[in-house]
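Please read the structure below before turning to the comments.
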Amino acid sequence: MYCDACGTTVQAGQGFCSRCGKQIIGPIGSLQARRRVQGHIHLLSIFWFAISALNSIIGVVLYIISNTLLAPGGAANAPDFVRPLLSVVAIIILGGAALGFCAGWGLMHREPWARTLTLVLGFLVLFINIPIGTAVGIYTLWVLLPSESEQEYSALVL
């Protein structure tokens with residue numbers, strides 16, 4: 001724990017900073033978590049909208065390519081299994097994008113289910129959408145995973 005004025009290490013229960021003399025009010029750890037969730041929830045929802053929009057574009061382009069260029073009589077001469085495989089992958093990507101839009105909307109409106117959905121999606125995008133999804137996943141886990149964050153998010157839910 002550190003003093004928010006000068007950065008000196010502060011012991012739990014200490015009333016004043018030993019370096020600058022600033023009064024320490026309340027438990028320091030819970031104040032940091034409160035600032036974390038309140039300060040980052042809006043930006044996190046915007047990131048989920050952005051990554052979902054990117055995934056939507058990728059899914060639509062992949063679906064169009066699989067059903068035009070790889071269609072029978074199309075420009076590409078691919079094996080028969082490639083077209084349905086790419087179509088299924090595109091539909092899965094579009095489904096993930098829809099869940100990401102739901103997570104972003106839920107965080108923006110402070111819905112009670114949004115934290116759980118966003119944490120699940122945060123774990124999934126760590127390994128699926130490298131490197132952008134990894135960054136969003138780490139940021140999601142940093143903001144929403146600690147137990148103090150759960151309490152803070154519950155307090156924000158209307």
Side-chain angles (χ1 to χ4, degrees), residues 1-4 7 9 12 26-158:
M1 297 181 220
Y2 301 97
C3 173
D4 60 350
T9 304
I28 295 171
S30 65
L31 288 176
Q32 289 174 347
R34 181 170 298 274
R35 288 186 197 135
R36 177 185 301 179
V37 174
Q38 275 184 329
H40 295 274
I41 196 84
H42 185 74
L43 182 61
L44 185 61
S45 65
I46 291 171
F47 281 157
W48 277 102
F49 282 130
I51 197 168
S52 298
L54 180 65
N55 285 339
S56 296
I57 293 169
I58 291 170
V60 167
V61 168
L62 187 60
Y63 192 78
I64 290 171
I65 287 173
S66 70
N67 288 308
T68 57
L69 294 177
L70 300 177
N77 214 1
D80 292 339
F81 72 90
V82 174
R83 182 175 153 258
L85 177 68
L86 287 180
S87 294
V88 168
V89 169
I91 290 169
I92 290 172
I93 291 172
L94 289 171
L99 287 174
F101 280 124
C102 289
W105 182 87
L107 288 176
M108 187 79 69
H109 290 75
R110 312 294 195 270
E111 295 293 331
W113 48 265
R115 180 179 176 270
T116 306
L117 175 64
T118 307
L119 282 173
V120 169
L121 292 176
F123 278 115
L124 292 176
V125 299
L126 283 174
F127 306 106
I128 296 173
N129 294 356
I130 298 172
I132 296 170
T134 304
V136 171
I138 290 171
Y139 185 58
T140 298
L141 298 178
W142 179 77
V143 172
L144 296 177
L145 192 59
S147 61
E148 296 89 9
S149 297
E150 178 182 10
Q151 296 166 356
E152 170 64 17
Y153 188 79
S154 297
L156 290 175
V157 173
L158 299 176

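Count residues from 1 along the sequence.
For the atom pair L124 CG and N129 CG, the distance stands at 10.0 Å (nearest 0.5 Å). Distance check, rounded to the nearest 0.5 Å: CG of L62 to OG of S87 gives 7.5 Å. Taking CG from L69 and CZ from R83, the interatomic distance works out to 12.0 Å, rounded to the nearest 0.5 Å. The CD1 atom of I93 lies 12.5 Å from the OG atom of S52; values are rounded to the nearest 0.5 Å. Note that CD of Q38 and OG of S149 are 11.5 Å apart. Values are rounded to the nearest 0.5 Å. Annotation: the span from I128 atom CD1 to I92 atom CD1 amounts to 9.5 Å, rounded to 0.5 Å.
The two atoms that bring I41 and R110 nearest to each other are CG2-NH2, 3.2 Å, heavy atoms only. In terms of heavy-atom proximity, M108 sits nearest to I46 at CE-CG1, 4.4 Å. Across all their heavy atoms, F49 and W105 have their closest contact at CZ-N, 3.4 Å. Smallest separation of non-hydrogen atoms from F123 and F127: O-CD1, 4.0 Å. Listed here is the closest heavy atom pair of S45 and G104: CB-O, 3.3 Å. Scanning all heavy atoms of the two residues, the minimum distance from A97 to S56 falls at CB-OG, 3.4 Å.
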**OP:** Check step by step if side chain to side chain donor-acceptor pair (under 3.5 Å) holds for T140 and T118.
**Re:** CA-CA 7 Å; T140 298; T118 307; over 6 Å; no
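Between the side chain of S66 and the main chain of L86, no donor-acceptor pair closer than 3.5 Å is present. At least one donor-acceptor pair under 3.5 Å links the side chain of R36 to the backbone N or O of W142. When atom types are taken as modelled, the side chain of N67 and the backbone of Y63 share a donor-acceptor pair closer than 3.5 angstrom. Under the 3.5 Å distance criterion, the side-chain polar atoms of R115 are matched with a main-chain donor or acceptor of L144. Without hydrogens or angle criteria, T134 side chain to L126 main chain gives a donor-acceptor distance under 3.5 Å.
Between N55 and F101, every side-chain heavy-atom pair lies at or beyond the 4.5 Å cut-off. Taking the side chain as every heavy atom from C-beta outward, E111 and V157 never approach each other to under 4.5 Å.
Applying the 6.0 Å contact sphere to CG of L43 captures more than 12 heavy atoms from other residues, nucleotides or ligands.
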